[in-house]
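The structure appears below as structure tokens.
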Amino acid sequence: MNDAPLPGPDLWGLIRPHTGAVRTARRTARGFGSDLTALVEAEKETFFVKAVRNRPGGRRDSIERERLVNAAVRPLSPALNWHAQNAEWIALGFEAVDGRPARIEPGSADLTQVVACVARIRDIRLPSFARDWHETRWDRFADDPAEATALFRGDTLLHTDVNPDNVLLGPDSTWVVDWAWPTRGAAFIDPACLVLHLVAAGHTAASAESWAARCPAWAEAEPRALDAFATASLRMYRTHSLRRPDAGWLATMADAARAWTRHRGLTQA
């Protein structure tokens with residue numbers, strides 16, 4: 001659990017019209033892209049609350065995207081019940097679902113559900129407001145950025161952070177959460193992100209690809225698009241891990257991307 005100090009009364013006052021009096025707030029283990037991600041037990045009910053300081057920049061842009069996209073991604077994602085904003089804070093209040101993070105290591109009983117859930121992302125209809133959210137994050141790491149523009153573009157609404165913490169399994173439902181930076185792009189990208197996390201969790205690259213192949217978006221992808229994405233992912237994670245040597249997860253992802261490119265017979269970037 002994240003033990004950083006909780007915000008002060010300015011945030012609780014902002015959300016009180018939606019929650020009633022706040023009784024307890026427990027930060028979640030992840031959610032470092034926000035100033036607060038917490039389960040908030042309040043007078044009206046329990047909510048999952050995500051909040052950021054209302055300052056120009058990526059965090060505010062991200063939470064605005066998450067607010068906008070929620071109606072389009074239900075019921076694959078928990079419902080956004082309310083949002084609140086003032087000069088200091090922007091807060092989103094989601095239904096608190098009964099779920100746990102997925103396990104994706106080799107042999108996990110969760111794998112079939114996880115892959116089926118990721119496959120469903122492609123079926124979400126791209127909302128009109130997302131048509132200009134073109135996916136570009138991998139372009140500059142590709143061998144040929146112009147080619148990447150052609151291979152990585154598409155009309156699918158993408159999650160782009162498919163990792164086991166963002167897939168919650170409940171008794172009767174499975175959810176993809178944390179739509180912090182949805183984009184419009186090629187449908188294979190979300191299954192490809194899953195491949196990297198499967199390798200990082202201990203799968204061979206061949207095993208990871210066999211699970212991704214259960215997603216129609218992966219099965220329909222051009223091999224050269226997968227090759228380009230694998231190469232770009234290696235360069236991206238390697239660059240980020242060198243800049244942040246204290247973030248061990250970035251080095252782990254770079255190692256996973258390296259194993260994936262080797263499996264695909266690609267020259268190391």
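Just so you know, these numbers use all the heavy atoms, side chains as well, and skip hydrogens, waters and symmetry mates.
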Using a side-chain heavy atom cutoff under 4.5 Å and only I, L, V, M, F, W and Y, what cluster partners does F94 have?
-> L39, F48, V52, I63, L80, I90, L92
Heavy atoms of T112 and R214 approach each other most closely as OG1-NH1, 3.9 Å
Could you go through the side-chain contact (heavy atoms from CB on, under 4.5 Å) check for F47 and V22 one step at a time?
-> CA-CA 10 Å; F47 298 95; V22 172; over 6 Å; no
Can you measure from CG (D139) to CZ (R153) and round to the nearest 0.5 angstrom?
-> 4.0 Å
Keeping the roles fixed (side chain from S108, backbone from R103), state whether a donor-acceptor pair exists under 3.5 Å.
-> yes
Counting N and O atoms only, with roles assigned by atom type, does the side chain of T231 sit under 3.5 Å from a partner on the main chain of A228, one being a donor and the other an acceptor?
-> no
Short side-chain donor-acceptor distance under 3.5 Å, T174 and R120 = no
Would a 4.5 Å heavy-atom cut-off, applied to side chains only, mark S233 and L196 as touching?
-> yes
Candidate pair Y237 and F141, rule side-chain contact (heavy atoms from CB on, under 4.5 Å), full reasoning | CA-CA 10 Å; Y237 281 114; F141 298 103; over 6 Å; no
Are any side-chain N or O atoms of D143 and backbone N or O atoms of A148, one a donor and one an acceptor, separated by less than 3.5 Å?
-> no
Are F188 and L157 connected in the hydrophobic side-chain network, where two residues link if heavy atoms are under 4.5 Å apart?
-> no
Flag, side chain of R184 to backbone of E135, donor-acceptor distance under 3.5 Å = no
Flag yes if F129 and I124 sit in one hydrophobic cluster, no otherwise; membership is Ile, Leu, Val, Met, Phe, Trp, Tyr, and two members link when side-chain heavy atoms are under 4.5 Å apart.
-> yes
Please report the shortest heavy-atom distance between A38 and L36, naming the atom on each side.
-> CB-CD1, 3.8 Å
Inter-residue atom distance D190.CG - D161.CG, 0.5 Å rounding = 9.5 Å
Heavy-atom pair of closest approach, residues L250 and H240 | CD1-O, 3.6 Å
Drop me the distance from I189's CD1 to L194's CG, to the nearest 0.5 angstrom.
-> 14.0 Å
E95/R74 salt bridge by N-O under 4.0 Å criterion = no
Could you walk me through whether E64 and Q85 pass the side-chain contact (heavy atoms from CB on, under 4.5 Å) test, one step at a time?
-> CA-CA 11 Å; E64 275 296 302; Q85 178 175 342; 4.1 Å; yes
Working to the nearest 0.5 Å, report the span between CG of D178 and CG of N166.
-> 4.5 Å
Would you check if E43 and T19 make a side-chain contact, meaning some heavy-atom pair closer than 4.5 Å?
-> no
Residue pair R65 / W181, side-chain heavy-atom distance below 4.5 Å = yes
Under 3.5 Å, sequence neighbours excluded: what are the donor-acceptor pairs made by side chains of residues 199-209?
{"from": "H203", "atom 1": "ND1", "to": "S207", "atom 2": "OG", "distance (Å)": "3.0"}
{"from": "H203", "atom 1": "NE2", "to": "I104", "atom 2": "O", "distance (Å)": "2.7"}
{"from": "T204", "atom 1": "OG1", "to": "S207", "atom 2": "N", "distance (Å)": "3.0"}
{"from": "E209", "atom 1": "OE1", "to": "H263", "atom 2": "NE2", "distance (Å)": "3.4"}
{"from": "E209", "atom 1": "OE2", "to": "W260", "atom 2": "NE1", "distance (Å)": "2.7"}
{"from": "E209", "atom 1": "OE2", "to": "R264", "atom 2": "NH1", "distance (Å)": "2.7"}

Nearest 0.5 Å, what's the OG1-CH2 distance between T183 and W133?
-> 9.5 Å
R67 atom CZ, neighbour heavy-atom count above 12 within 6.0 Å = yes
Between A119 and P216, the two heavy atoms sitting closest are CB-CD, 4.2 Å
Hphob cluster co-occupancy, I121 + L158, side-chain heavy atoms under 4.5 angstrom = no
Would you say the side chain of F229 lies within less than 4.5 Å of the side chain of C193, judging by non-hydrogen atoms?
-> yes
State, with a plain yes or no, whether a side-chain heavy atom of D255 is found less than 4.5 Å away from one of R258.
-> yes
Quick one: do M253 and V167 end up in the same hydrophobic cluster if we chain Ile, Leu, Val, Met, Phe, Trp and Tyr together by side-chain heavy atoms under 4.5 Å apart?
-> no
Test applied, salt bridge (charged side-chain N to carboxylate O under 4.0 Å, His left out); reference residue, D35; option that passes from K50, R60, R53, R59 | R59
Which heavy atom of V176 sits nearest a heavy atom of S77, and at what distance?
-> O-CB, 3.4 Å
To the nearest 0.5 Å, how far apart are OG in S241 and CG in D246?
-> 11.0 Å
Side-chain donor/acceptor of D110 to backbone N/O of A102, under 3.5 Å | no
Residues 7-18 side chain polar contacts: donor-acceptor under 3.5 Å, at least two apart:
{"from": "D10", "atom 1": "OD2", "to": "W89", "atom 2": "NE1", "distance (Å)": "3.0"}
{"from": "W12", "atom 1": "NE1", "to": "P7", "atom 2": "O", "distance (Å)": "3.3"}

Which heavy-atom pair separates A51 from S34 by the least distance, and what is that distance?
-> O-CB, 3.7 Å
Pair R224 + D227: basic N to acidic O under 4.0 Å | no
Look only at the side chain of T156 and the backbone of R122, and say whether a donor-acceptor pair between them is shorter than 3.5 Å.
-> no
Please tell me if the side chains of W218 and W211 come closer than 4.5 Å, counting only heavy atoms from C-beta onward.
-> no
Answer yes if L111 and W175 sit in the same cluster of Ile, Leu, Val, Met, Phe, Trp and Tyr residues linked by side chain heavy atoms under 4.5 Å apart, and no otherwise.
-> no
Please test R55 against E88 for side-chain contact (heavy atoms from CB on, under 4.5 Å), starting from the C-alpha separation and ending with a verdict.
-> CA-CA 8 Å; R55 304 286 187 270; E88 291 298 320; 3.2 Å; yes
